[in-house]
Each structure stands twice: as C-alpha cells, then as structure tokens.
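What you see below is based on every heavy atom in this structure, not just the backbone, and it leaves out hydrogens, waters and symmetry mates. One-based numbering along the sequence shown. These numbers were taken from a predicted model, which means no experiment stands behind them.
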Amino acid sequence: MMFLKRWLIGTAMLYALSVAAQAHDRSAAQKEVWKTVEAYNAAYDRGDLESFMSYFHNDYRGWIYSAPLPTDRSKVRKFVEYDMKNAKVVFSDLSPAEILIFNHIAVVHYFWTSVEKRGEGKEESNSGRWTDVLMKVGDKWVLVADHGGRTTKN
C-alpha cells in the first residue's frame with residue numbers, strides 16, 4: 001500500500017512538473033487562448049454574469065456531466081445566474097492539460113478546483129475537468145461548445 005501511495009504522489013508530481021514545463025513552450029496563440037479561459041473563469045468567480053456570458057457564442061452548446069442532454073446559452077445563463085446568487089467563490093485554480101489550435105478554432109482541456117461558500121456560510125470544495133471549444137470571432141475568442149464538470153463527490 002505504501003508503494004502505491006508513493007507511486008501516485010510521484011506520478012502526480014511528475015505530471016505537475018510536465019504541465020509547468022509546457023507552459024513555457026506554448027505559442028503566442030495558445031497563451032492568448034489560455035488567457036481567455038482564465039478571464040471567463042475569473043468573471044464567474046467574481047459573480048460578473050454579464051462579463052462571463054459575453055464569452056459565449058450565440059450558438060453555443062455545452063454538455064455538463066450531470067445533464068442528460070447538451071444545453072444552449074440561455075439555459076447556461078439561468079443556471080449560472082442562480083449559482084451566482086446562491087454561492088460565492090472563495091478560491092479557484094485552473095490547470096491547463098492541453099491547448100490545441102486549428103486556425104480560428106481552439107480546444108482546451110483543463111482541470112479546475114474551487115472552494116465556494118453556500119447559503120449558511122458552509123464552504124464546499126469541488127474539482128473537475130472541462131474541455132472548451134473556442135472560436136475566434138474578430139479579435140476575441142468565444143465559447144462555441146464545452147463538455148465537463150465536477151468530478152468530486154460531495
């Protein structure tokens with residue numbers, strides 16, 4: 001059991017170092033895309049609904065793990081508005097796993113962790129992963145699709 005624990009910790013550390021090394025090797029376009037992902041996640045964290053939603057293309061479709069079917073921009077807005085009224089993000093962290101760019105389309109795989117305060121001030125820790133598909137419209141990257149969600153069980 002101790003060997004397995006050490007192996008898991010070692011593997012996690014090697015992965016973290018690999019991700020950190022890749023950050024230095026990213027192209028300017030990959031850095032621009034990642035900056036966009038950080039920007040809309042930061043808007044969500046601070047409860048800025050309008051800024052967050054400004055990153056969604058009108059024809060956006062996304063599929064969260066817990067949903068039976070993909071959803072559109074208007075439904076995302078309803079759920080996000082509800083969440084922003086009922087929870088406050090205390091802490092969050094994003095870790096890119098991979099950023100692929102094909103002309104004006106980008107695919108971003110990343111991990112996230114957050115701590116939120118709900119109604120009675122109880123803090124809840126969550127983590128998960130997302131795959132975001134962005135399209136460059138003019139000079140701005142916007143979400144056209146995503147898939148993912150929470151992988152922790154609370």
Is any side-chain heavy atom of [X] closer than 4.5 Å to a side-chain heavy atom of [Y]?
| X | Y | answer |
| --- | --- | --- |
| E32 | S27 | no |
| E38 | L94 | yes |
| D146 | W130 | yes |
| Y65 | R129 | yes |
| Y60 | V76 | yes |
| S66 | R150 | no |
| S127 | T151 | yes |
| L134 | I105 | no |

Nearest heavy atoms of [X] and [Y], plus distance in Å:
| X | Y | answer |
| --- | --- | --- |
| V144 | H57 | CG1-CB, 3.8 Å |
| R118 | A87 | NH1-CB, 3.3 Å |
| E123 | V115 | OE1-CG1, 3.7 Å |
| S125 | T152 | O-OG1, 4.3 Å |
| E124 | N126 | OE2-ND2, 3.2 Å |
| I64 | G149 | CG1-CA, 4.2 Å |

Going by atom types alone, do [X] and [Y] pair a side-chain donor with an acceptor below 3.5 Å?
| X | Y | value |
| --- | --- | --- |
| T131 | H109 | yes |
| R77 | Y82 | no |
| T113 | D93 | no |

If hydrophobic clusters are built from ILVMFWY residues whose side chains come within less than 4.5 Å, do [X] and [Y] share one?
| X | Y | value |
| --- | --- | --- |
| M135 | M53 | no |
| V107 | W141 | no |
| F111 | F91 | no |
| F56 | V37 | yes |
| V80 | V142 | no |

Interatomic spacing from [atom1] in [X] to [atom2] in [Y] - rounded to 0.5 Å:
| X | Y | atom1 | atom2 | result |
| --- | --- | --- | --- | --- |
| K122 | E116 | NZ | CD | 12.5 Å |
| R46 | S51 | CZ | OG | 5.0 Å |
| D48 | S54 | CG | OG | 8.0 Å |
| I99 | R26 | CD1 | CZ | 4.5 Å |

For the backbone of K75 and the side chain of D72, can you confirm whether one donor and one acceptor N or O come within less than 3.5 Å of each other? yes
Sub-3.5 Å donor-acceptor pair from the side chain of E81 to the main-chain atoms of K78, do we have one? no
Inspect the surroundings of [atom1] in [X] and state if more than 12 heavy atoms from other residues, nucleotides or ligands are less than 6.0 Å away.
| X | atom1 | answer |
| --- | --- | --- |
| F79 | CZ | no |
| K88 | NZ | no |
| K117 | NZ | no |

Yes or no on side-chain contact (heavy atoms from CB on, under 4.5 Å) for L143 and V133, after CA distance, side-chain angles and deciding distance? CA-CA 6 Å; L143 274 162; V133 180; over 6 Å; no
I'd like to know whether W34 forms a ring-ring contact (aromatic ring centres under 6.0 Å, His included) with Y110, so could you lay out the CA-CA distance, the side-chain angles of the two residues, the decisive distance to 0.1 Å, and finally the verdict. CA-CA 10 Å; W34 183 245; Y110 62 99; 5.6 Å; yes
Mutual orientation of the aromatic rings belonging to Y40 and Y55 [parallel < 30°, tilted 30-60°, perpendicular > 60°]: tilted
